[in-house]
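Comments concern the structure below.
Atom set for the values below is all heavy atoms of this structure, side chains included, hydrogens, waters and symmetry mates excluded.
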Amino acid sequence: MAVLGLSFGYHDSAAVVVDDEGRVVAAAQEEQFSRKKHDRGFPRLAIDHVCRVFGSRDFATVAYYENVALKFNRIVESAMLTANGLYLMDAMTMWLVEDKFDPARTIREALGRAEVVEFSHHASHIASAFYCSPFERATILTMDGVGEYETLTVSIGEGSRIEKIAVLHLPLSLGLFYSAITAYLGFEVNEGEYKVMGMAGFGEPRHLDAMRKLIWPTADGFFALDERYFQFRSARDVPYTPALVELLGPARVPDSPFRAGGEGDVRRHADIAASAQRWIEELVCHVVLGAVRRTGVADVCLAGGVALNSLANHRLQTKMTGRLYVQPAAGDAGGAMGAALLAHHITPGRRRAPPLRVPYLGDQFSEDEIASILERHEVPHRRLADAAETVAEVAGLLAGGAVVGWVQGRVEWGPRALGNRSILASPLDARMQEVVNTKIKFREPFRPFAPAVIKERAAEFFELAAPLHECGPEHYMLSVAPVRPDKRALIPAVTHVDGTARLQAVDRDINPMFHALIEEFGRLTGVPVLLNTSFNLKGEPIVRSPEDALRTFAYSGMDALVLGHHLIAKDGLYD
């Protein structure tokens, strides 16, 4: 009676297995295997992986995360409303070429005669948010660009039941508003939104009056927007109109240089990023607190792409009276999990799924498998005795200023590296931020890094918006908090220019080895915090396998690589 949940066809294809007890057994994104970032194709390799972990390919039910007929209806209606025949032609061509019209047939061809059920996009998001949470009763909000027609939903969850009580439709979309600003600032939509968050730290919100002209809160707890500035229904190029450029000035050219303290357009673009970020925070708080007033339930669950805005999540936590849960893979990949959980819970007699406390649900490799790979590729290495020796050795390297690739256990679920597929460094040296950005990640110099701190000392270094709870967003790098003023000089490499940091509070029970590493680094340096960033290069998915890690290590400026208990060091590390 296990369920296989799938998302594919738009971006972030994924496969998830939920067993007959409602437990998530395995979850993986196709990009981890194909090495194509945001891969939207049929997740054949991810399916193979989760089935291998589960031990079977025999599923009574396969759940798909969208209603494709309804989605295509919206595309046709949007083209008709805007008289945009070219948009409709492009859409139909893509749907035909990529065979999007009948996902059930595609699934049956790959998996046999399973029953295929389709849920709506936001229903999948809703289920992923509530059923993975630790809350018996909660207010549930989903906020993203657009599903079929829906862009935002408000629901009440209690036990195994979910009741949707309010909904917004296209063009009213917080996600598309932020994506329009992302495109205006020269970044790729569905990829560059977090770059806007990083750029925002270098600016001041000097353009809030302009933002209020674009989109504004309404008395009913929702918002309105002026469509003259946006092209949300049938965009072929960018999701904004020339009117937005008239209001804000010339758009940023993609890949144009950006430097801290720049003047002219550099300063203006940073200020626009700061203004859009501040305004989305205000709108998210307005909507969520309005929803809580509707439901009377203080604990809140979030999913959808907007829920990945960690700055907004922190601002929300400062205003809430209840607890906040954000599904770690809040975007489309998480829809696969939501669809599987929804299929589980609509079956009579099924018990409520347990909370998703452990975010490590992907592939893993044994010590012998790692040794075999290293020997096959003739990679010089040392095999350390056990976890204790590995922790001691690596903590010493980090304390000495080395940058280390760290591969342990199962791959993380969601877009953040949470200590199993990470690049680690000391946060104590301010120069480390530039070193990792430019010589290792090969990405924009304004991009910040996350601090991983042992949970029991998180409040000592960061101004937490609320006490940590078992599944709080701080565990998954989904909340940004101010670094305490007296600690900023201690950890400059992970303190953003605005004094904040997107922290990860590492729980000993959830990731004992990563916790032990940070704790040992703290013993050596007095600071139980590490710089933690995803183990990948710019434009690539996070590494999955030892081979992926070896390739990335070879092309980057990292000093050492740790695969399980195997240490690979570049020449001169121990000189």
Side-chain angles (χ1 to χ4, degrees), residues 3 5-14 40-43 61-85 87-108 114-129 140-155 162-176 179 190 222 227 231-236 239 303-306 330-343 345-346:
V3 180
L6 300 177
S7 64
F8 61 90
Y10 185 45
H11 60 85
D12 296 320
S13 297
R40 68 186 186 189
F42 184 74
T61 303
V62 180
Y64 183 67
Y65 84 129
E66 283 194 323
N67 183 320
V68 292
L70 203 57
K71 185 170 186 174
F72 191 72
N73 284 347
R74 187 256 299 167
I75 291 170
V76 173
E77 286 183 16
S78 295
M80 294 175 66
L81 282 169
T82 57
N84 193 338
Y87 166 76
L88 181 58
M89 185 179 300
D90 287 348
M92 289 193 69
T93 300
M94 183 179 71
W95 278 56
L96 287 167
V97 168
E98 298 186 7
D99 196 16
K100 291 176 177 285
F101 286 99
D102 193 355
R105 176 178 53 79
T106 302
I107 292 166
R108 290 191 189 99
E115 177 191 10
V116 179
V117 293
E118 294 182 11
F119 298 105
S120 75
H121 186 97
H122 275 263
S124 298
H125 276 323
I126 293 166
S128 78
I140 314 162
L141 288 99
T142 64
M143 299 174 282
D144 65 4
V146 61
E148 292 80 11
Y149 287 87
E150 296 173 339
T151 61
L152 184 151
T153 67
V154 179
S155 306
I162 294 173
E163 178 187 3
K164 188 189 297 183
I165 62 172
V167 62
L168 293 184
H169 295 107
L170 198 70
L172 296 175
S173 174
L174 293 178
L176 290 179
S179 291
N190 293 324
F222 294 118
E227 281 197 80
Q231 178 58 281
F232 290 166
R233 296 183 189 272
S234 57
R236 297 187 69 230
V306 175
D332 276 17
M337 185 173 287
L341 289 166
L342 199 53
H345 285 89
I346 63 173

Is the count of non-hydrogen atoms from other residues, nucleotides or ligands lying under 6.0 Å from Phe72 atom CZ greater than 12? yes
Within the 4.5 Å heavy-atom criterion, are Tyr10 and Lys71 side-chain neighbours or not? yes
Spacing of CE belonging to Met143 relative to NE2 belonging to His125, to within rounding of 0.5 Å: 11.0 Å
Exercise: identify the closest heavy-atom pair between Glu150 and Asp144: O-OD1, 4.2 Å
Main-chain N/O of Gly41 paired to Ser13 side chain as donor or acceptor, under 3.5 Å: yes
Closest non-hydrogen atom pair between Glu115 and Val117, with its separation: OE2-CG1, 3.7 Å
Pairwise distance CD(Glu148) to CD1(Ile75) - rounded to 0.5 angstrom: 10.5 Å
Where the side chain of Ser124 meets the backbone of Gly338, is there a donor-acceptor pair that is under 3.5 Å apart? no
Got Pro171 and Arg233 here, is their nearest side-chain heavy-atom distance under 4.5 Å? yes
Between OG of Ser120 and CG of Leu342, what distance do you get to the nearest 0.5 Å? 8.0 Å
Taking Leu172's backbone N and O only, do any of them form a donor-acceptor pair with Thr151's side chain (distance below 3.5 Å, no angle check)? yes
Donor-acceptor side-chain pairing of Thr153 and Thr142 below 3.5 angstrom: yes
Quick one: closest heavy-atom pair of Leu341 and Ala127, and the distance? CD1-O, 4.3 Å
Taken to the nearest 0.5 Å, the spacing of Leu170 CG from Leu81 CG works out to 9.5 Å
If we check side chain to side chain contact (heavy atoms under 4.5 Å, CB included) with Thr106, which of these qualifies: Val116, Leu6, Asp99? Asp99
Flag side-chain contact, heavy atom, 4.5 Å: Ile140 against Ile162: yes
Residues Ser7 and Ala336: closest non-hydrogen pair is N-CB, 3.5 Å
Between Tyr149 and His169, what is the ring plane arrangement, given parallel below 30°, perpendicular above 60°, and tilted in between? perpendicular
Give a yes or no on whether a salt bridge exists between Arg40 and Asp332, defined as a side-chain N under 4.0 angstrom from a carboxylate O. no
Phe222 and Leu152: which non-hydrogen atoms are nearest, and at how many Å? CE2-CD2, 3.7 Å
Test your reading of the model: is there a side-chain donor-acceptor pair from Tyr65 to the backbone of Ala333, 3.5 Å cut-off? no
Output the distance between atom CG (Asn67) and atom CZ (Phe119), rounded to the nearest 0.5 Å. 11.0 Å
Do Asp90 and Met94 make a side-chain contact, defined as non-hydrogen atoms from C-beta onward lying under 4.5 Å apart? no
Nearest non-hydrogen partners of Gly334 and Ser128, listed with the distance: O-CB, 3.6 Å
Drop me the distance from Phe42's CZ to Glu98's CD, to the nearest 0.5 angstrom. 14.0 Å
